[in-house]
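What follows is a single structure, written as structure tokens, with notes after it.
All chains are named by letter (A, B, ...) in the order of the sequence lines, taking the proteins before the strands, and each is independently numbered beginning at 1.
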4 protein chains.
Amino acid sequence: MAKKIRIAVLGATGYTGVELLRHALRHPHIDISVLTADKQAGKHMADIYPHLRGADLPKTVALSDVEWQGIDCVFCCLPHGTTQEVVAKIPSNIKVIDLSADFRLRNLQAYETWYGHAHLAPELQMGAVYGLPEIYRDKIKQARLVASPGCYPTSAILPLYPLLKKSLIEPASIIIDSKSGVSGAGRALKESSLYAEVAENFYAYGVAKHRHTPEIEQELSVAAASEIKISFTPHLLPQSRGILSTIYVQMKNGFSAEKLHDAMGEFYGKEKCVRVLPIGETPMTASVKGTNLCLIGVCAGRLPGQAIIVSAIDNLVKGASGQAMQSFNIMHGFEDALSLSLYPLFP
Amino acid sequence: MAKKIRIAVLGATGYTGVELLRHALRHPHIDISVLTADKQAGKHMADIYPHLRGADLPKTVALSDVEWQGIDCVFCCLPHGTTQEVVAKIPSNIKVIDLSADFRLRNLQAYETWYGHAHLAPELQMGAVYGLPEIYRDKIKQARLVASPGCYPTSAILPLYPLLKKSLIEPASIIIDSKSGVSGAGRALKESSLYAEVAENFYAYGVAKHRHTPEIEQELSVAAASEIKISFTPHLLPQSRGILSTIYVQMKNGFSAEKLHDAMGEFYGKEKCVRVLPIGETPMTASVKGTNLCLIGVCAGRLPGQAIIVSAIDNLVKGASGQAMQSFNIMHGFEDALSLSLYPLFP
Amino acid sequence: MAKKIRIAVLGATGYTGVELLRHALRHPHIDISVLTADKQAGKHMADIYPHLRGADLPKTVALSDVEWQGIDCVFCCLPHGTTQEVVAKIPSNIKVIDLSADFRLRNLQAYETWYGHAHLAPELQMGAVYGLPEIYRDKIKQARLVASPGCYPTSAILPLYPLLKKSLIEPASIIIDSKSGVSGAGRALKESSLYAEVAENFYAYGVAKHRHTPEIEQELSVAAASEIKISFTPHLLPQSRGILSTIYVQMKNGFSAEKLHDAMGEFYGKEKCVRVLPIGETPMTASVKGTNLCLIGVCAGRLPGQAIIVSAIDNLVKGASGQAMQSFNIMHGFEDALSLSLYPLFP
Amino acid sequence: MAKKIRIAVLGATGYTGVELLRHALRHPHIDISVLTADKQAGKHMADIYPHLRGADLPKTVALSDVEWQGIDCVFCCLPHGTTQEVVAKIPSNIKVIDLSADFRLRNLQAYETWYGHAHLAPELQMGAVYGLPEIYRDKIKQARLVASPGCYPTSAILPLYPLLKKSLIEPASIIIDSKSGVSGAGRALKESSLYAEVAENFYAYGVAKHRHTPEIEQELSVAAASEIKISFTPHLLPQSRGILSTIYVQMKNGFSAEKLHDAMGEFYGKEKCVRVLPIGETPMTASVKGTNLCLIGVCAGRLPGQAIIVSAIDNLVKGASGQAMQSFNIMHGFEDALSLSLYPLFP
């Protein structure tokens, strides 16, 4: 039996950290060696999350106390902004999969504009690979540092990339209306995440200025081979998991929803974690809950030349920890979906 | 003290019926004289809805057993399609406020196309007034038959009407992305309304073919003084009440979100049941829960010339029974908001 | 028209504070003169709670900046423990209704045992009246300081008081299994109140040691005219509002559930805010949502001599702000239910 | 590689059926050969449950069209009452695991009393084994027909069995206050299962007369070696999955909660699907969501001699399909937990 890959999970007590453990615990080739949790260092995970009682996990340690020797791969589940300096200190022989936004924007100026400060590890940024496996599989295989995509961007880029790549839609016409479960805001304590304020409530936020905008634009610009801007509106759903993005596009002259659907199907035909539904059908978030799937539906719109595309992911899986594990699998020569569920818990 | 107005509520046991009773019970000038409920005729409302225990309400009767004499006004809360024939049999001296879709489309051909059969009471349709008080107050005052608007249309027409009326936006550019709580589907028994299938789930439905489309187009065409088509996508929220519509429009050359906001504020300045938020702010459904309010926010979009407008209503109040009561008040010379809450239950 | 009563609400930005405003805003004899909010002093309530936009309310001030002159009555919605010193500084001509636990325990030693420190205003405690209107109406009428009951105690004392008073049940046999919506934990920021940790979850907490235990025991001991202990287990429900208490008792020899039901009906026959259901029926929390009602059901148990009593209240209304307003009404000579809803929002 | 075991799932489209498929799909030794669905015969499962898209499953057939040849084991997920006659017609060489209540009561008279009609397959009942693996493992190994326990009974019997077996508690003192998620009511269409009536609501039902009572009493009587009666009160939770039972018992003289805890730990020490928490700790339903675990906590009560025991299961897994699969594993010589998750989806 091959030696297991020893991983460290930095920031193991947030929602993306604990979701990563769900997958890592059943991964046949992973040895979970280090868990960090600054505020709660020294605790057992089961004391923080009772559902992990019984899991064979090391105690948490402070980030500064991590012994890097012997670690093969780091999953970094730390908050945005703090990650750059942390990753800069990890020995360079260790692979890093970062779930924060810190290494996603290749344009350092764009980073500064949207995040309000100069990038603190620009040289690392140069070598980072954007961890969307269906687009960058070959680069991920070779990468030392993978910047795992944001949840909204995953739901928006996967359906739009093939359409722009194949010049089927007008790049200036894209409107992305996204709705996310509240776990996307993490475990941080704020009034807007309280049960009594989320339940039986729904609203848009960050209209025309959410930080995932440049990330989506970066990848769609690659696909279109030109700089493009998009309209992106996130909303908060009264549910824990799930993102649904309803995307409105204008097709280029002569194309139809059928043509878009064909192109999408062709592009993702062999993928295990992306599925294109029959034309005219659209997905539910319940169909991806707990899974690493992205489901995509394509419909004709009512306005002339309009198509409507709907995508669904679980923000904590394909939108975060599952996708990071998918990159891990690719980096280590395993199948994409190893240890990742493809059937949801329903109901 | 003036004589009370005697009302009949047809279909009193559905969600719109029982919501209507909530308002009627505290209306100082209403005497609830007749309640119909075909399947459950002969029951006390409190046996069907325990929360109505203690309310002074007549027993339900079958529709065929109603004695119309002495009734002044009928609220018709029956399912779509069945209402036309029912209303045709109500003595013509009785005012009727219909909450179904049966009398909303002035174009009988459009009715036939979207509802699949010829209209059964075309002469009544001729005299029906579309019951959106902020637009048709004067006609409602004189009406015998008011066709109270649908929930989605209310959330879409209120924000768009002034913008089209004042020619501030491109009529061919309108995209309405709407999200509704599940009470909009009524109390009918279907798998898609079960708790276990609604909770922790979200999806679009009826993409590009929902029956509220022609209703929205009818009124926006009036505003624009030309035939227009819109893109309308409804979604189902895991919550009981509330509609939020996120609306994307292209402004006509030379206009800005500020200008749209000013126009909206001017149009609704004196209205009690429509409020325009400060520019750049957008509403929550929790802010209208249980109230007859429509809140509207206006933002600049990221695409050139784009504005994003967000509206929120409670689908059972301003989107149904509350608006019907608002029309009742107007028809009888009372203030719009009499008996209608303007502060929600929160949390 | 009589002069309005000028009130101050201390701690207006918590859930009990904002719920109190919902009732006060429609009270015909109240002038809301002062709102305090230490952390957010200087803000408009609508900036903290958008659903209050449009309400005619003063800006919040820091507690230390309140000018007491002209104030007639104070609603104190501050956290437990901090209230004693605050109330001690309010001029003695001003009536005070305190919603915290600070003045509920008449036994200062019991207070110290359960709350971990000596009482800071023992002389005020001497004059405080326990504000359960159905039991202490006459004392409330004369009170200067009313200690409004806790939410769980309200749901437990109301059904048990008459049974003990009339010696129908064994005082040593009482088991109270209570379940509460999460708004009972207030707006304080803690992981256990986050949407993602409350939704689709249910559990007991504070088993055999919750601080509401001595409060329940105090009042039941009064009823029984002897010191009694009870078994009380609170649970957290995945919903915002509502408490349901399922209470198991042994009847004294010769009594039946019917007898208990009769006694209960007789005791509460004239009350507007307590309703006894037909024997064998039990209430839902949805039937009291947003109302100041306590509903009580009485059933025969399966074990010999056992009766099962189920009560339902809205923890923020009859369990907090509504009951405080009921005491206000009694103190000022109004009807109990003035400004308090008796029909819930449903669904 | 060994030949796979060919199973038929009767009633595959209900919640227990579809949950069974979730486990069967990842079971290494199962071949899902037949699925029945009378009303929806001829459909693909993915047309009924979109989350099953992509699963390799046979089309559904009508029960009358099943070809039994080659089938090794049947999971019967049909409604109560209809199962007896169905099972009677299954060839006797095929093993049967029945999830309904039809074969759980060994006393045919008790069956008739609680279910309102004489048992239709009394001879089959004689050979049925009550499928609670932790109690009846040896009998399950040999069984042809396993009657898989009800959800509430599983949550009640597991904690109480060892205490009665070891004579630590008074058999006449048992009060079981249970709370269940709504999936326990299945996918049947009824108003009480609608989202709008379950959400933000909580109530008791079937007080002192729920049909799971005799099933609990049957097994506890075995443990106590005497006929006992219990008090059992079920409640409906606003969540999809999960049962929590709060159990009040009187200890026999000289025993303490610690002693009960020790006995429980000893009894379940080697079990994979039952875990006893440290004394004084109690479980959450979220900790078992989607898993085949039963978690049990033991606390001292406040009343003299009282102990409080809290158990948590997922009603669809350990309370239904997972436990049935556990029996399947035992019947076929596999480990109890094969294909059954022991870590939940959280949040």
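Atom OG of B:Ser183 sits about 11.0 Å away from atom CG of D:Leu194, to the nearest 0.5 Å.
With a threshold of 4.5 angstrom between heavy atoms, D:Ala188 approaches chain B through N, CA, C or O but not through any side-chain atom.
Comparing D:Glu191, D:Arg241, D:Glu200, D:Lys190 by heavy-atom pairs within less than 4.5 Å of chain B, the highest count is held by D:Glu191.
Looking only at distances, no side-chain donor or acceptor of B:Tyr195 sits under 3.5 Å from a matching main-chain atom of D:Ala199.
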Can you check side chain to side chain donor-acceptor pair (under 3.5 Å) on D:Glu197 and B:Tyr15, steps first, answer last?
CA-CA 11 Å; D:Glu197 319 226 355; B:Tyr15 288 154; 2.6 Å; yes
